[in-house]
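Working notes, structure below.
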2 protein chains.
Amino acid sequence: MKTSQKQTIYDIARETGTSPSTVSAALNGRWKERRISKETAGRIIELARRMDYSVNRQARGLRTARSGLVGLILPEHDNRFFSDLSQSFTLEARRRSQCPVIIATQRDPAAEESTVQDLMAYSIDALFIAGAADPLRISRICRSANLPHVFIDQPCPDAPSVITDNEAGARALTEAILDSMPTGATPARDRIILIGGDARLHASARRIEGFRKAVVAHTGRCDPEQIIACGYEPDRALDEMHSLYRRMGGLPAGLFANSINVFEALLRFFAHLPEAELLSTSIGCFDFEPYGELLRFPVHMIRQRHRKLVSRAWELMEEGTEGPVLVTVNPELRRARDGAARAGGSA
Amino acid sequence: MKTSQKQTIYDIARETGTSPSTVSAALNGRWKERRISKETAGRIIELARRMDYSVNRQARGLRTARSGLVGLILPEHDNRFFSDLSQSFTLEARRRSQCPVIIATQRDPAAEESTVQDLMAYSIDALFIAGAADPLRISRICRSANLPHVFIDQPCPDAPSVITDNEAGARALTEAILDSMPTGATPARDRIILIGGDARLHASARRIEGFRKAVVAHTGRCDPEQIIACGYEPDRALDEMHSLYRRMGGLPAGLFANSINVFEALLRFFAHLPEAELLSTSIGCFDFEPYGELLRFPVHMIRQRHRKLVSRAWELMEEGTEGPVLVTVNPELRRARDGAARAGGSA
DNA sequence: AGCCGATGCAACATCGATTGTGCAACAGGG
DNA sequence: CCCTGTTGCACAATCGATGTTGCATCGGCT
C-alpha cells in the first residue's frame, strides 16, 4: 500500500498526458473559460476522483493569498452560550465550504492578540470575535492587515457588530417575572429586584435600562435599591443575596438574575430555604441553562439566539461591511411552564 | 497607513542587505549552524521585530509539509464533556505552539470522513478523534495518509486510544450510592438499580460490569432486573422510570443513571414527586453536570478527567505510538455533599 | 609564499497550485 | 493559396519560505 505518497496535479497531468495548468483548470471548474475541451476536462476529473486526489491547500493558499480558513475567537469553550456559538459557527462555515477555526483565549488580552496574529499568519479569510477583552485593539490589528472581521455579542465602536438586544430582552423578562409574581406578599417584600451585572458595561447597562422601563410601566416607579448591580462574581452575588434577604425579612416577590453566574449563586442560596418559600417568589434569569427547566420551581429565562447572531454576522461579512455598524437581534424569552414544575409541591 | 502590505523575508533581506535564506535562518534560530554571524542575525531579528514581521505559514507549510495545525474531531460543541475536551485540547495545543482546529461533525459518518479529508488537505500534523461514529474508517484513512492520530474517550481497535476506565468509575459510583443508601426501605425497594446505556457498546458494558461487581461485593448478588440498559434516549428512560416506580411501589433505595441524558429524564420524573421522597433515595450519575451540585437533593457524580485524557493522548502522539494501544484514565468521583444539600429540608 | 581549514554568507532549487501568455493546428473566407 | 480567427492546450512565472551547495575571504601554519 504505497498510496501514502500524496498525489499532485503533476501526477494527474502525467497520467492523462496533459499539463498541470490544464489539470488545475479542469478541477476548479474553470475549464470552459480556459478553453479546455469538455472531453479532456472529463478525463482529468474522472481520474482525480479515482485516485482520490485532494488539493494541497497550502500551495493553493500561497498562490491565492486565501486559505479557506475562518477564525472565531471566544473566551472559553466550557460555557453554554459560547459552545452554542461554536456550533452555529461551524454549521455556517461549512455551508460555505470554509473551514472553521475556533480558538478560546481565556479572556486574556495578550492571548487574544497573539491568537489573532497567529491566525493571520495562516492567511485566514475572515475573523469573528466574541467576548474579547480588548475589542478595539483587535479591530485595529485586523484593519491594518486588511482582514475582514465582525464582532458577535459585543459591540465594537470600530467595526461591524451583531449583538443581542439586551434592553428588549430585559424588558420581556421583567414583564414575565412581574406577570407571575405572587400576590399578597408583605409590602416590604412586594417588589422585584435585579441582582448582578456591572452598570459600566454595555450589556448590563442596557439590561438595567430595560428592567427599569418595564418596572416603571408596571408599577409607576422603580427605586434605585431595586437594582443591585454587584458584578458577575457568584460569591459577591451570594453575599448580596444574603443581606437582601436579611433586610427584607424574606425573599422579594420577584428576582431578576442578571447572568447565569448570578443565578447559580441564587441556587446556592436557595438550597438553604424550604421549598415552599421558593414557590412564593417569581424568578427570572438573563441567560439560558437547560437545567433551569428541570428545577422544582419555575424560572423564566432569556436565551440568546446564537443561530441568528452567527448568521447575521456572516451576512455582514459577505456584504463587505466595514465601518461601525451595529445589528441587534432579539433574544428569546423562555417562560417557565408553571404547571409541571410546581406540581412537585402537591403530588 | 500602507502597512497593510504584508512583509516577507525578501523585504527583510533587502532592508538588511542580506539574502532571504540568511533571514530565514536567523529568524528560525538556526543561524548558528548556518554560520551566520551573531551580529547579522541580531540585525535581522531586530528589524523583523520592529516591522512586526510574521512568517507566512502557508509558504512554510508548503515547503516543510507540516502546518502547525492539529485537528480534533468531535460530535458536538454544545455538550459539557466535549466542550471540556475542547478547552483542554486548546491549552495543550498552544503549550506546544500548535494551532488547534476543532470541528464538530454531528455524529454523521459522512461529515466525519469529509472533515478528515478536509483537514488533511491542510496538512495537519496530527488528528485527535473523540466520539466518532465510525472510528475504524477514520483510522484507516489516517493511516493510509500517514497521519498520526489518537482516539479519545473511545477505543479504536486499530489505533492508539485513551479512554476513561468505565468499570472502575462505575464501581466507585456504585459504592458511593450504596454507602449513602437510606436504611429501612421496604424489602421490595431496598436495592440499587442501574438505568440507561446500551450493553452492546463498550463503555456501557464496562460500566455495567463495574456496577455488577460492586453490588455483588456489597450484597452478595446482583439480579438481572437491577440493570435496565434501555439506551441513551431520555424519553425511553423516562418511560422505564415510570414503570419501575409502579412495579416497586416507589423509588428504589439507590439509583445509578448511566449518562447525563438519563439523569435529565430522572429529574423530569422527580419533578412530580414530593421532595421528601427524593431524600429517601440515593442517586448517582455517570457523568458530570455542575448543576447537579445545586439540586435540592444529593447526587453523586462521575466526572471524566478531560484534562488527563487529552494530555495522555498528546503524549501517545509524541511518543509516536501507532498500533492499537489502549490507555485508561481513572475518572473522578464527586460525592454529593450531604449536609448542604439536604439542609433545605429542615431550614 | 602557498596551502588549508574555518567563517560568513549568497544562489538556487524546491514545495504544489494558479494564472497570464504564447503557440500550434485547424477552419473558414476571400 | 493566403490570411484571419478560433480552439485547445503547454509553458513559465509566481506566491514565500526552507535547505543544500558553492564561493569568496581571512587567518594561521609551514
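Protein chains get the first letters and strands the later ones, always in sequence-line order, with residue 1 at the start of each.
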A:R66 CZ - D:dC15 C1' separation (whole Å): 15 Å

Exam field: side chain B:D52 to backbone B:R50, donor-acceptor pair closer than 3.5 Å: no

Closest-nucleotide 5' rank along DNA chain D - winner of A:Y10 and A:S19: A:S19

Between C:dT7 (P) and B:K32 (NZ): distance, integer Å: 12 Å

Any A:S37 side-chain N or O less than 4.0 Å from OP1/OP2 of D:dC9: yes

Atom pair distance, as rounded to whole Å: OH in B:Y122 and P in C:dC15: 22 Å

No-H, no-angle donor-acceptor pair, B:R57 side chain to D:dG16 base, under 3.5 Å: no

Integer-rounded Å distance: C:dT7 P and B:E33 CD: 14 Å

Polar pair under 3.5 Å, donor/acceptor by atom type, side chain B:S21, base C:dA11: yes

Side chain B:D125, main chain B:S67, donor-acceptor under 3.5 Å: yes

Earlier contact from the 5' end, DNA chain D, for B:R35 and A:L62: A:L62

For atom CZ of A:R14 and atom P of C:dG16, their distance in whole Å: 12 Å

Presence of B:S24 side-chain N/O under 4.0 Å of D:dA17 phosphate oxygens OP1/OP2: no

Quiz item: B:R34 side-chain donor-acceptor pair to D:dT20 base, under 3.5 Å: yes

Sugar-phosphate only, base, or nothing, as touched by B:V55 at under 4.0 Å among non-hydrogen atoms: sugar-phosphate

Side-chain N,O (A:T8) to OP1/OP2 (C:dC15) below 4.0 Å: no

N/O donor-acceptor pair under 3.5 Å between A:T16 side chain and A:I12 backbone: yes

Rounded distance (Å) that lies between atom P of C:dA17 and atom CG of A:N28: 10 Å

4.5 Å side-chain heavy-atom contact, A:Q98 and A:L69: no

Rounded interatomic separation in angstrom, taking CD1 from B:I9 and P from D:dG16: 10 Å

For atom OH of B:Y53 and atom P of D:dG16, their distance in whole Å: 10 Å

Test log, rule side chain to side chain donor-acceptor pair (under 3.5 Å), inputs A:Q106 and B:Q87: CA-CA 9 Å; A:Q106 329 300 324; B:Q87 192 72 30; 2.9 Å; yes

